[in-house]
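Structure first, then comments.
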Amino acid sequence: MNKQEIIEILSDNTKNDWLFNKADKVRRANVGDEIHLRALIEFSNICKRQCQYCGLRSPNKEVERYRLSKAEILSSVQSAVNLGYKTIVLQSGEDDNYYSDKMCDIIKEIKNYDVALTLSTGEKSFDEYKAYKEAGADRFLLRIETTDKKLYEQMHPHASFENRIRCLQDLKTLGYEVGTGCLVGLPNQTIESLADDILFFKEIDADMIGIGPFIPHPQTPLKDTAQGDFWLALKVMALTRINLPNINIPATTAMETILPNGRIIALQSGANVVMPNVSIIDCRPKYEIYPNKAGINDDIKLYREQLEEKLHSIGRTISKEKGFRKGK
Ligand code: 5AD
C-alpha cells in the first residue's frame with residue numbers, strides 16, 4: 001500500500017471489520033494458526049533516559065528501582081523453560097550496570113538452554129550489539145516509537161532520532177532478527193505519521209513489530225494527556241500485517257491493559273505472538289512503564305494453561321518451535 005491508501009484506511013472507521021478480517025486472513029495464509037509465546041523477563045527497571053511517556057524514566061523518583069542478579073535471571077529462565085517456552089526475552093531500562101561482558105556472560109548461560117534469545121535493553125554501540133550477537137543473542141527489540149522526528153524529539157529529551165535509526169541499522173547489519181514498532185496516541189501524533197511508521201517498518205524490513213496504545217502514567221509529564229485509542233492501535237497493527245505479511249506481530253500487553261480481551265481481539269486481527277510476563281512476581285509492579293499493566297499478578301504456570309485454553313477456543317495452538325520469521 002502507498003501512504004495515501006494507508007491514510008485513507010486509518011481515517012475511515014466504516015471499514016474496520018473488513019480491515020481486521022483481511023489482516024486475519026493474511027496472518028493465517030502467511031504465518032499460520034500457531035501462536036509463538038515469548039517469555040518476558042524484566043530484569044532491571046533502572047533507566048538513564050527520560051522518555052516523557054514512560055513510568056520508568058529516570059526523573060521519576062517514586063519508583064522503587066531493582067536489578068536482578070545473573071542467578072535471579074537464570075532462575076526465571078529455568079522456570080520458563082520448564083513450562084515449555086522456546087524464546088526468552090530479556091528486557092530492561094537503559095541500565096549501564098549490565099556492561100557488555102556482564103551481559104554476554106548472561107547471554108551465554110541462557111543459550112545453554114534450547115531457546116531463542118531476544119534482548120530489549122535499548123540503545124547501545126555497534127560493538128556492544130556485536131558482542132551480544134557473538135555471545136548468542138538472536139533477536140533485538142527496539143521500537144522507533146514514532147518516525148515523526150519532531151515528535152520523537154519532543155517525547156525523548158536528550159535523545160537522538162538519528163541514533164535510534166543507527167541502532168536499528170546496526171542490528172540488521174549484525175544479522176539479528178529485528179523488532180521495532182510504535183506507540184499510538186502520543187500527543188500531537190498525526191495519522192500521516194502513523195502511515196509513515198508503517199512504511200518505515202516495511203522499508204527497514206523489520207522481522208517483528210510491536211504496536212501499543214499510549215497509556216498515560218501518573219508520574220510522568222504526560223499524566224494529563226488522553227490515552228491512545230485501542231481501535232486506532234489495532235488498525236495500525238492490522239495494516240502492518242497486511243503490508244508485512246510474514247513477520248511476527250505480538251498482541252501487546254498495552255492492548256490487553258486498555259480493553260478486556262484486547263489480546264484475543266488483536267490475535268484475530270493480524271497478531272500471532274504473545275509475550276507472557278514470567279518475571280519474579282515481586283518485581284512486576286515495579287516495572288510500571290504504564291499503570292494497571294495486565295497480567296502482573298498471574299502465576300506463570302496457571303497463566304500459560306489458561307492462555308492455551310483461550311487460544312484453543314479461537315482455533316489456535318501454541319507453537320513448539322522457536323518461531324523465527326517465516327520464509328527468510
Ligand atoms: N504507554 C504505552 N506504552 C509504553 N511504553 C513505554 N511507556 C508507555 C506508556 N506510557 C512502551 C514503549 C517501549 C515499550 C517497552 O513500552 O513503546 O518501547
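First listed ligand is number 1; within each ligand, the first listed atom is number 1. The first residue in the sequence is number 1, and the count goes up from there.
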Which protein heavy atom lies closest to [atom], and at what distance to 0.1 Å?
atom                    : result
atom 7 (N) of ligand 1  : Tyr53 CD1, 3.2 Å
atom 10 (N) of ligand 1 : Ile215 O, 2.7 Å
atom 16 (O) of ligand 1 : Ile289 CD1, 3.5 Å
atom 18 (O) of ligand 1 : Glu145 OE2, 2.6 Å
atom 15 (C) of ligand 1 : Gln91 NE2, 3.8 Å

### Task
Look only at interatomic distance and state if His217 has a nitrogen or oxygen under 3.5 Å from any nitrogen or oxygen of ligand 1.
no

### Message
Using a plain distance cutoff, I'd like to know if Arg143 has any nitrogen or oxygen under 3.5 Å from a nitrogen or oxygen of ligand 1.
### Response
yes

### Query
Which is closest to atom 2 (C) of ligand 1 in terms of heavy atoms, Gly55, Gly212, Pro213?
Pro213

## Note on the structure
Of Leu142, Thr146, Leu183, Leu56, the residue with the heavy atom nearest atom 5 (N) of ligand 1 is Leu183

Please determine if [X] forms a cation-pi arrangement with [Y], meaning its NZ or CZ atom is less than 6.0 Å from the six-membered ring centre and no more than 45° off the ring axis.
X      : Y      : answer
Arg139 : Phe324 : yes
Lys124 : Tyr132 : no
Arg241 : Phe20  : no

### Message
Just so I know, are the side chains of Ile6 and Asp196 near enough to count as touching, which here means a heavy-atom distance under 4.5 Å?
### Response
no

### Message
Could you tell me if the side chain of Lys293 sits less than 4.5 Å from the side chain of Pro285, heavy atoms only?
### Response
no

### Message
Can you name the atoms of ligand 1, numbered from 1 with element, that are less than 4.0 Å from a heavy atom of Cys54?
### Response
7 (N)

### Query
Are there more than 12 heavy atoms of other residues, nucleotides or ligands under 6.0 Å from atom CD of Glu162?
yes

#### Entry: Test applied, salt bridge (Lys or Arg N to Asp or Glu O under 4.0 Å); reference residue, Asp96; option that passes from Arg67, Lys48, Lys102
Lys48

